[in-house]
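Note that this is a predicted model, so its numbers are computed, not measured. Atoms within a ligand are numbered from 1 in the order they appear, just like the ligands themselves.
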Amino acid sequence: MDIAILTLFPDMFAGPFSESMLKRAQEWDHISIHLHNIRDYTLDKHHTADDTPFGGGQGMVMKPEPLFEAVEAALAEVGSAEGQETPVILLTPQGRPFTQAIAQELSQYPALMFICGHYEGVDARVEAIATDSISIGDYVLTGGELPAMVIVDAVARLLPGVLGDDMSAVDDSFATGLLEGPAYTRPAEYRGESVPDILLSGDHGAVDKWRRQQSLKRTFERRPDLLDTADLTKEDQAYLEKLKAGDA
Ligand code: ADE
């Protein structure tokens, strides 16, 4: 997957993209990251990327011209990958809230482009060149760089081969519509806390059932809102009734 990132701060990406899974994903050619410095597309000799807002008010607004130029140049590089239109995603607190489902949707494209906004925002005309806008949560960051990294990370780990074990993304929290339950490793006892016996039993059927119940319990306790849309079996429903009654 080709990933173009338009930013005023390309150096911010060096750390996260040169460690761990994202590093490996690039080395193994699962993803190819193209960083474009928006300042390189400014049209004046001072390389002005922002200006004061029309009508007055606080802060600066990113100018439209460098962003249009940068998007067009970056699209020329990745644009028509396999004939599919490349999503051009504006990162903004006013975007649609990012979810695992959106990560899955984005992972289907051969190329993605991210526009990292800064200052008080970007000139509203830039929305015309973006095909999507995404927020990573109901809080305001100093720019779209961290959101772009978050989304690239969430998408890259879904690409075939990136996690090594293709199954590891299947049971993720949210992929199943539920939170994942607890996991344990050696030692079997640590500071007086023991790993649940069932995990040491070797009974795979019982372990699967326990895991499902732990997943339901954690979701019930921490994110009951997810239960409204999760895919639940009759057995799941019965277990949830027990949890509600306080006898599980
Ligand atoms: N830019 C600033 N805050 C943001 C957020 N929460 N999500 C996406 N982009 C942003």
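- A continuous path of hydrophobic side-chain contacts links Val152 to Phe9 [ILVMFWY only; heavy atoms under 4.5 Å].
- The neighbour count for Asp225 CG, taken as heavy atoms of other residues, nucleotides or ligands under 6.0 Å away, is above 12.
- Note: the hydrophobic cluster containing Trp210 also contains Val207 (ILVMFWY, side chain heavy atoms under 4.5 Å, direct or indirect links).
- Contact shell of ligand 1 (protein heavy atoms, cutoff 4.0 Å): Leu91, Thr92, Pro93, Ile134, Ser135, Ile136, Gly137, Tyr139, Val140, Leu141, Gly143, Pro147.
- Tyr139 and Ile102 fall within a single hydrophobic cluster, where Ile, Leu, Val, Met, Phe, Trp and Tyr side chains are chained together by heavy-atom contacts under 4.5 Å.
- Counting heavy atoms of neighbouring residues, nucleotides and ligands inside a 6.0 Å radius, atom CD of Glu105 exceeds 12 of them.
- The only option from Met12, Glu145, Met149 that meets the side chain to side chain contact (heavy atoms under 4.5 Å, CB included) definition with Cys116 turns out to be Glu145.
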